[in-house]
Asks: 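Handing you this structure, nothing more for now.
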Amino acid sequence: MKTDVWGSVQDRLRDDLGADAYKNWIEPLVFEGFEANIARFKAPTGFLGNWVSRNYSDKIQMLFSEHGADVARVEFATGVAKKAATQTSTAAKAPKVAEPVVQSRATGSPELPGAPLDARFTFDAFVVGKPNELAHAAARRVAEGGPVTFNPLFLYGGVGLGKTHLMHAIAWEARNRNPDARVLYLSAEQFMYRFVQALRFKDTMSFKELFRSVDILMVDDVQFIAGKDSTQDEFFHTFNALVDQNKQIVISADRAPGEIDGLEERIKSRLQWGLVVDLHPTDYELRLGILQTKAESQAQHYPEVSIASGVLEFLAHRISTNVRVLEGALTRLYAFASLVGREVTLDVAQECLADILRATDRKVTIDEIIRKVADHYNIRMTDILSPKRARAVARPRQVGMFLAKTLTSKSLPEIGRRFGGRDHTTVIHAVKKIEELRAVDSQIAEDVEMLRRMLEA
């Protein structure tokens, strides 16, 4: 009888509260039965039990009464109830009693409504190099759980540079160090979706309580909420509430906070409160290290496959912009070699990865370089091509020649001709000069790197 009544009450609660609110707050409850006009429940945590008691106990009591159960009050205890060993045929036909909430592998606490974590993305599997060493060190510090002087930690960079890997690694490490920590990782799109659902089902208080009760909140691709005013407003208040409680926030995006169009100034300001870290494009040494680590892992699955000398070096040189593409290329090589029973030689790699290699060939043109350099230094393209020798024009011209030499396959004479009919020795001098300046002038180094990233994007 008690199962019949609770099943009917559950159906009403699901209809009245909406699917998300029901799943988050009612489904984890286990109905223990009636005792002296008291409906007793087991909740997996005290937080969940207290929340349901404050917000839904009157409604649950009313629904019990509507279905013929004389209930004076509803009580919640913490723990996991055991199912009855046997069930009557009537109970078997009744709505199924809610199972206890599943324990989160990421936190050890009740499952939070976030994205699943990838078991491959740990700190041990993250290859550290100069382009990402600061981001790695900052992520480590956050995951250790001790005092952190920066909040939030904001990671930004292009596709496939390791932002998501580091965020997953923080969650895994925090869970290992403190199984009771409430760590929530999700994308900005998921944050927006859950907020819209809360508005739709008039359950914004549940949303607020849930997102403001975590110990570490990690939001991936925050640029997604740009231009979405209501979501930005809720994100702003959630951010402030967590910071006031000394809870850690980790954010990622494809651009620095100040460069995200459509993001409110107050949010940009708060995102820059803490530590903003740029994950630079990988250099050759880091790409080779990633491939070597990946090859060691693949060798466990394909012990019969051998990689000829020079193949990893070839891949690290040719696939330079996206680590995911780089790792995917190596995975394809191992699978191909295993299926056809061949050694992975340089010729096999070029044959097997022809489409990837074509897609990653540099397509930067000299005209595009001249245009970007002119825009960056706020001069005219005709100035770069002119005979003018003033430093305000000569230095950008040298930067353009350096980029043309490093980003295109054009010969030195061809580059000289495209830069106003100059001799190839002028190009050699420009390249050498910029290489020297990059080592001693941080502004030149920053300009060159920014332009290179813009041109390769």
Side-chain angles (χ1 to χ4, degrees), residues 128-137 156-158 161 254-256 258-259 272 275-289 316-322 360-457:
V128 183
K130 190 172 182 180
N132 60 25
E133 61 183 351
L134 175 58
H136 174 264
Y156 77 95
L161 297 183
D254 60 356
R255 285 155 284 168
E259 297 174 359
Q272 295 176 88
L275 178 62
V276 178
V277 182
D278 179 9
L279 279 85
H280 298 289
T282 54
D283 54 25
Y284 171 79
E285 290 76 12
L286 179 55
R287 292 194 297 273
L288 183 57
H317 175 72
R318 288 294 302 273
I319 306 175
S320 59
T321 57
N322 192 318
T360 55
D361 281 341
R362 289 171 176 166
K363 297 181 176 66
V364 180
T365 66
I366 292 179
D367 288 341
E368 185 181 4
I369 290 172
I370 294 172
R371 184 169 59 254
K372 291 288 187 183
V373 169
D375 289 343
H376 180 75
Y377 286 102
N378 197 27
I379 60 177
R380 294 176 299 178
M381 291 177 62
T382 53
D383 289 337
I384 293 179
L385 303 179
S386 73
K388 292 181 180 179
R389 292 173 174 260
R391 180 180 291 270
V393 174
R395 190 68 77 220
R397 183 187 297 130
Q398 290 175 331
V399 169
M401 290 181 177
F402 174 84
L403 291 168
K405 173 65 171 63
T406 55
L407 297 182
T408 75
S409 57
K410 301 298 183 182
S411 65
L412 296 176
E414 174 65 14
I415 293 173
R417 283 194 297 272
R418 301 295 292 276
F419 275 82
R422 286 171 167 78
D423 189 79
H424 74 280
T425 57
T426 303
V427 181
I428 293 174
H429 172 74
V431 171
K432 183 178 179 181
K433 185 65 176 177
I434 296 303
E435 286 177 341
E436 292 173 353
L437 288 174
R438 288 174 70 199
V440 296
D441 189 328
S442 61
Q443 185 60 56
I444 287 291
E446 184 177 329
D447 287 348
V448 170
E449 180 62 24
M450 181 182 298
L451 284 164
R452 187 187 67 77
R453 288 176 57 189
M454 290 169 59
L455 288 162
E456 288 186 337

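Computed from a predicted structure; not experimentally measured. One is the number of the first residue; the rest follow in order along the sequence. Both backbone and side-chain heavy atoms feed into the values below; hydrogens, waters and symmetry mates do not.
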Asks: Side-chain polar contacts of residues 427-444 - donor-acceptor pairs under 3.5 angstrom, sequence neighbours left out - could you list them?
Replies:
unit_1, atom_1, unit_2, atom_2, d
D441, OD1, Q443, N, 3.0
D441, OD1, I444, N, 3.3
Q443, NE2, D447, OD1, 2.9

Asks: Using side-chain contact (heavy atoms from CB on, under 4.5 Å), reason through E446 and E449 one step at a time and then give a plain yes or no.
Replies: CA-CA 5 Å; E446 184 177 329; E449 180 62 24; 5.8 Å; no
Asks: Quick check for you: to the nearest 0.5 Å, what is the distance between D254 atom CG and Y156 atom OH?
Replies: 11.0 Å
Asks: Calculate, to the nearest 0.5 Å, the distance between atoms CG and CG belonging to L161 and N322 respectively.
Replies: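 Those atoms lie 7.5 Å apart.
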Asks: Atom CG of N132 and atom CG of D278: how far apart are they, to the nearest 0.5 Å?
Replies: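 The distance works out to 11.0 Å.
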Asks: Got a sec, which residues hit side-chain contact (heavy atoms from CB on, under 4.5 Å) with E285, two or more places apart in sequence or on another chain?
Replies: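 E285 satisfies side-chain contact (heavy atoms from CB on, under 4.5 Å) with D283 only.
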Asks: Taking only distance into account, with no hydrogens and no angle test, what donor-acceptor pairs under 3.5 Å do side-chain atoms of residues 387-396 form with protein atoms, sequence neighbours excluded?
Replies:
unit_1, atom_1, unit_2, atom_2, d
K388, NZ, D383, OD1, 3.0
R395, NH1, Q398, OE1, 2.6

Asks: If you look only at pairs with a residue in residues 408-422, which of them pass as a salt bridge (Lys or Arg N to Asp or Glu O under 4.0 Å), with sequence neighbours excluded?
Replies: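 Pairs touching residues 408-422 that pass the test: D367-R418, E414-R417, E414-R418.
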Asks: To check you understand the geometry: which heavy-atom pair defines the closest contact between I366 and F419, and what is its length?
Replies: CG2-CE1, 3.8 Å
Asks: Can you tell me how far OG of S386 sits from CE of M381, rounded to the nearest 0.5 angstrom?
Replies: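 Here the rounded value is 12.5 Å.
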Asks: Could you tell me which residues satisfy side-chain contact (heavy atoms from CB on, under 4.5 Å) with A137, sequence neighbours excluded, listed by chain and number?
Replies: none
Asks: For A316, which residues count as a side-chain contact (heavy atoms from CB on, under 4.5 Å) partner, sequence neighbours excluded?
Replies: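 Per chain and number, A316 pairs via side-chain contact (heavy atoms from CB on, under 4.5 Å) with Y284, R287, L288, L291.
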Asks: Would you compute the distance between atom CE of M450 and atom NZ of K372 and round it to the nearest 0.5 angstrom?
Replies: 12.0 Å
Asks: Side chain to side chain donor-acceptor pair (under 3.5 Å) with T425: which residues, sequence neighbours excluded?
Replies: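 Testing T425 for side chain to side chain donor-acceptor pair (under 3.5 Å), a comparison that skips the adjacent residues, returns D423.
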Asks: Check ring pair (Phe, Tyr, Trp, His ring centres under 6.0 Å) between H280 and all other residues, then give those that pass, not counting sequence neighbours.
Replies: none
Asks: Find out whether R452 and L403 are in side-chain contact, i.e. whether some heavy atom of one side chain is under 4.5 Å from a heavy atom of the other.
Replies: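 A side-chain contact exists here, since the closest heavy-atom pair is under 4.5 Å.
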Asks: As a quick check of understanding, evaluate side-chain contact (heavy atoms from CB on, under 4.5 Å) for T408 and I369, giving each step before the final call.
Replies: CA-CA 10 Å; T408 75; I369 290 172; 4.0 Å; yes
Asks: Rounded to the nearest 0.5 Å, how far does CE of M401 lie from CD1 of I415?
Replies: 8.5 Å
Asks: Please name all residues satisfying side-chain contact (heavy atoms from CB on, under 4.5 Å) with D375, sequence neighbours left out, ordered by chain then number.
Replies: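 For D375, the residues satisfying side-chain contact (heavy atoms from CB on, under 4.5 Å) (neighbours in sequence not counted) are R371.
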Asks: Would you sort out whether I379 and I384 count as a side-chain contact (heavy atoms from CB on, under 4.5 Å), showing the intermediate values?
Replies: CA-CA 8 Å; I379 60 177; I384 293 179; 3.7 Å; yes
